[in-house]
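Heavy-atom basis, side chains included; hydrogens, waters and symmetry copies ignored.
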Amino acid sequence: MSLRGVWQLQKLIVSFCNWGGSSRGIRAFMESHLPAFREKNPQLEVVTELNRGYHPLLKGLYKNKNERVVCVKNMTPEDILECATRLRNSQGRKVVKLKTRHVTKYPSVQGTWKTDLKL
């Protein structure tokens with residue numbers, strides 16, 4: 001995703017094994033979908049990495065020095081393309097769990113409203 005017109009994903013590393021059965025989908029992805037993905041995203045550096053004996057991975061390196069790793073073991077090429085597109089569209093921030101459903105700058109002095117109010 002672009003933040004102020006700048007794409008946040010700098011580098012996409014496609015790690016695979018040329019022998020293992022769990023890498024069958026990513027090898028098909030590299031033949032069929034990866035060249036078109038590179039053409040559509042010229043701002044992105046796509047690197048393929050051979051790791052024998054390991055499960056296939058997609059690793060995204062972002063401008064804010066964060067990285068996200070997605071295991072694509074036994075996935076179809078279409079699913080792997082969807083994962084790569086999600087990595088490209090995300091901003092690389094860590095996921096923050098909200099403590100409440102309602103986030104506000106100025107919380108109510110009276111407290112939060114509840115439906116089970118007993119008078």
Side-chain angles (χ1 to χ4, degrees):
M1 180 174 221
S2 65
L3 185 67
R4 296 184 188 98
V6 179
W7 286 96
Q8 296 301 302
L9 183 64
Q10 281 185 320
K11 189 181 211 181
L12 181 70
I13 299 172
V14 180
S15 175
F16 69 102
C17 175
N18 62 350
W19 176 77
S22 64
S23 295
R24 185 178 304 126
I26 201 157
R27 289 192 300 264
F29 166 76
M30 287 172 36
E31 292 175 3
S32 59
H33 297 291
L34 190 61
F37 186 77
R38 278 185 177 161
E39 280 182 19
K40 288 181 183 176
N41 302 295
Q43 79 283 359
L44 184 61
E45 179 185 354
V46 180
V47 178
T48 57
E49 188 177 82
L50 178 65
N51 283 337
R52 292 201 57 147
Y54 292 97
H55 290 302
L57 301 171
L58 289 179
K59 187 185 295 186
L61 302 172
Y62 293 89
K63 287 196 185 273
N64 58 0
K65 307 294 187 242
N66 284 343
E67 78 176 36
R68 282 196 180 169
V69 179
V70 178
C71 181
V72 290
K73 173 176 74 169
N74 296 326
M75 286 189 180
T76 63
E78 290 77 23
D79 293 340
I80 296 172
L81 179 64
E82 186 178 325
C83 288
T85 307
R86 278 196 190 132
L87 283 175
R88 183 204 62 192
N89 290 342
S90 67
Q91 292 184 353
R93 295 181 183 157
K94 297 287 182 188
V95 177
V96 177
K97 185 175 179 181
L98 300 176
K99 294 180 182 162
T100 61
R101 290 184 296 169
H102 183 72
V103 178
T104 179
K105 213 174 192 180
Y106 306 106
S108 173
V109 177
Q110 300 171 352
T112 56
W113 184 79
K114 299 177 185 172
T115 57
D116 58 342
L117 186 63
K118 297 191 169 96
L119 297 173

- Message: I need the Q91 CD to K63 NZ distance, nearest 0.5 Å.
- Response: 13.0 Å
- Task: Report yes if some heavy atom in the side chain of L12 is under 4.5 Å from a heavy atom in the side chain of N41; otherwise report no.
- Result: no
- Query: Hey, does the side chain of N51 reach the backbone of S15 with a donor-acceptor pair shorter than 3.5 angstrom?
  - Reply: no
- Message: Take a 6.0 Å sphere around CZ of R24 and say whether it holds more than 12 heavy atoms from other residues, nucleotides or ligands.
- Response: no
- Query: Are the side chains of I80 and H33 in touch, meaning some heavy atoms are under 4.5 Å apart?
  - Reply: no
- Message: Is there a side-chain contact between K59 and K11 in this structure, where contact means two heavy atoms from C-beta onward sitting under 4.5 Å apart?
- Response: no
- Quick one: are Y62 and L87 in side-chain contact, heavy atoms under 4.5 Å? yes
- Query: Does some side-chain heavy atom of L57 sit less than 4.5 Å from a side-chain heavy atom of V72?
  - Reply: no
- Query: Does atom NE2 of H55 have more than 12 heavy-atom neighbours, drawn from other residues, nucleotides or ligands, at distances under 6.0 Å?
  - Reply: no
- Query: Is there side-chain contact between M75 and F29, with heavy atoms separated by less than 4.5 Å?
  - Reply: no
- P56 to I26 - nearest heavy-atom pair and separation: CB-CG2, 3.8 Å
- Task: Kindly work out whether a path of hydrophobic side-chain contacts (I/L/V/M/F/W/Y, heavy atoms less than 4.5 Å apart) joins L50 to M30.
- Result: yes
- Query: Which atom names give the shortest non-hydrogen contact between L9 and G60, and what distance separates them?
  - Reply: CD1-CA, 3.6 Å
- Item | R27 side-chain N/O to C17 backbone N/O, donor-acceptor pair under 3.5 Å | yes
- Are L81 and I13 co-members of a hydrophobic cluster defined by side-chain heavy atoms under 4.5 Å apart? no
- Message: Main chain of K65, side chain of E67: is a donor-acceptor contact present, judged purely on distance under 3.5 Å?
- Response: no
- If you round to the nearest 0.5 Å, how far is CG of L58 from CZ of R88? 13.5 Å
- Please tell me if the side chains of R93 and V95 come closer than 4.5 Å, counting only heavy atoms from C-beta onward. no
- Message: Apply side chain to side chain contact (heavy atoms under 4.5 Å, CB included) to residues F37 and T85 and explain how you reach the verdict.
- Response: CA-CA 9 Å; F37 186 77; T85 307; 4.1 Å; yes
- Between L61 and V70, is there a shared hydrophobic cluster once you connect ILVMFWY residues whose side-chain heavy atoms come closer than 4.5 Å? no
- Task: Could you give me the CA-CA distance, side-chain angles and deciding distance for R86 and E82, then say whether salt bridge (Lys or Arg N to Asp or Glu O under 4.0 Å) is met?
- Result: CA-CA 6 Å; R86 278 196 190 132; E82 186 178 325; 2.8 Å; yes
